[in-house]
> 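Please find one structure pasted underneath; my questions will follow.
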There are 2 protein chains.
Amino acid sequence: MENKYETNAKVFKALSDPNRLMIVEMLQSRERCACEILEDLNISQSTLSHHMKILCDSGLVGSRRHGKWMYYSLSKEGCDEAKNLLSEITTIWHNSNERDLRHEC
Amino acid sequence: MENKYETNAKVFKALSDPNRLMIVEMLQSRERCACEILEDLNISQSTLSHHMKILCDSGLVGSRRHGKWMYYSLSKEGCDEAKNLLSEITTIWHNSNERDLRHEC
DNA sequence: ACCTCAAATCTATTTTCATCGATATGTAAT
DNA sequence: ATTACATATCGATGAAAATAGATTTGAGGT
């Protein structure tokens, strides 16, 4: 079992690699076949497959098979969830009620 | 020199660790002294210092010294930048003009 | 000046991750 | 069924990151 911090960290971990950010950028304009992504990045086929798995597992990217080819695209839902998550965790609470007491240093 | 993918990856890398997500959550309600954060996490003082450096370097967190103590808080600007960044890279372009040609598989 | 305490830095260790080559799997064409 | 090709998985390796203990730095207080 995985706690919420580990779960959330996974989404950001998916975005914390330069090659994966390049892939995400490629997917903004349209879905892409794995072989097309492979052409643009300087990595091996097995490494690309590994990155695509991480992106898909994070929910940011979806995939569909068409014959021999795998097509990848940004997932609207996954991307929205990520945005909501980031928004939630970085919102600064200006609390008027003084429940949250100061620490004794 | 660092390319944009590496630069952007750094922000998400800062958020890709469970302990750092816990710290960010603690900072939502108010600024915290390092010693207070240390009490809540199961990590050593040196490890905490390491995490705080990563969060500060990412721009998400700011710090101020008060006597012997270091106080950390969420940076409004840094957090907004992160949100804008995520929004930019996950926006799906529905392009009507057909500049972006299909790939030959 | 000396002592104390908080936090940063240094050094070493362990764990995680990116990467690749080789192999396996799945799909379609012959 | 056999072959060809795209992608996934496996196994190994090197690099990066998390972690802790020891030491150093910095900022009061006596």
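Protein chains get the first letters and strands the later ones, always in sequence-line order, with residue 1 at the start of each. What you see is a predicted model, and the numbers here were worked out from it, not measured in a lab.
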> Roughly how many Å is it from CD1 in A/I54 to P in D/dA8, rounded to a whole number?
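About 13 Å, once rounded to whole Å.
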> Is there a side-chain contact between A/H51 and the phosphate of C/dT19, meaning an N or O under 4.0 Å from OP1 or OP2?
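Affirmative; the distance criterion is met.
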> Could you tell me whether B/Y71 contacts a base, only the sugar-phosphate backbone, or nothing, with contacts defined as non-hydrogen atoms closer than 4.0 Å?
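Counting heavy atoms under 4.0 Å across all strands, no contact is made by B/Y71.
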> Write down the distance between CH2 (B/W69) and C1' (C/dT4), rounded to a whole number of angstrom.
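After rounding, the gap between these two atoms is 11 Å.
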> Counting any heavy atom closer than 4.0 Å, what does B/H50 reach on the DNA or RNA strands: base, sugar-phosphate only, or nothing?
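Contact class for B/H50: base.
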> For B/T47 and B/S44, which I'm curious about, is there any donor-acceptor pair between the side chains at under 3.5 Å?
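Short answer, yes.
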> Taking the side chain of B/M70 as heavy atoms from C-beta outward, which of D/dA8, C/dA8, D/dA18 is closest to it?
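Given the options D/dA8, C/dA8, D/dA18, the side chain of B/M70 is closest to C/dA8.
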> May I have the distance from A/D57 (atom CG) to C/dC17 (atom C1'), rounded to whole angstrom?
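Interatomic distance, CG of A/D57 to C1' of C/dC17: 15 Å.
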> Nearest whole Å is fine: how far is C/dA18 P from A/M52 CE?
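Distance, rounded to whole Å: 14 Å.
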> What is the distance from CD of A/E6 to C1' of D/dA18, rounded to the nearest Å?
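Going from A/E6 (CD) to D/dA18 (C1'), I get 14 Å.
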> Whole angstrom is fine here: how far is it from CZ in A/R20 over to P in C/dT19?
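Rounded to whole Å, this separation is 8 Å.
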> Closest heavy-atom contact between B/C33 and B/W69?
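That would be SG-CD1, 3.5 Å.
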> Rounded off to whole Å, could you give me the OH-to-P distance for the A/Y72 and D/dT7 pair?
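To the nearest whole Å, that distance equals 7 Å.
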> Answer yes if the side chains of B/S87 and A/K83 hold a donor-acceptor pair under 3.5 Å, and no otherwise.
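Absent: no donor and acceptor within the cut-off.
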> Atom NZ of B/K10 and atom P of D/dA16: how far apart are they, to the nearest Å?
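Taking atom P of D/dA16 as the reference, NZ of B/K10 is at 14 Å.
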> Under a 4.0 Å threshold between the charged nitrogen and the carboxylate oxygen, would A/R20 count as salt-bridged to A/E25?
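No.
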> Among B/R32, B/M26, B/M22, find the one that has a side chain to side chain contact (heavy atoms under 4.5 Å, CB included) with B/D40.
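One option only clears the test, and that one is B/M26.
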> Using the side-chain contact (heavy atoms from CB on, under 4.5 Å) criterion, which residues pair with A/W93? Sequence neighbours excluded.
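Checked A/W93 against side-chain contact (heavy atoms from CB on, under 4.5 Å); matches are A/T91, B/Q28.
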> Without swapping roles, check the side chain of A/E39 against the backbone of A/E36 for a donor-acceptor pair under 3.5 Å.
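Side chain of A/E39 to backbone of A/E36, a donor-acceptor pair under 3.5 Å: no, none is there.
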> Just verifying a value: how many Å separate B/I54 CD1 and B/S16 OG, rounded to the nearest 0.5 Å?
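That separation rounds to 8.5 Å.
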> Is there any protein nitrogen or oxygen under 3.5 Å from a nitrogen or oxygen in nucleotides 24-30 of chain D, and what are the pairs?
none

> Heavy-atom contacts under 4.0 Å between residues 22-48 of chain B and DNA chain C, which residues?
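Hits under 4.0 Å, by residue number: B/C33, B/A34, B/C35, B/Q45, B/S46.
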> On a heavy-atom basis, which atom in B/S58 and which in B/A14 lie closest, and how many Å separate them?
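Looks like CB-CB, 3.6 Å.
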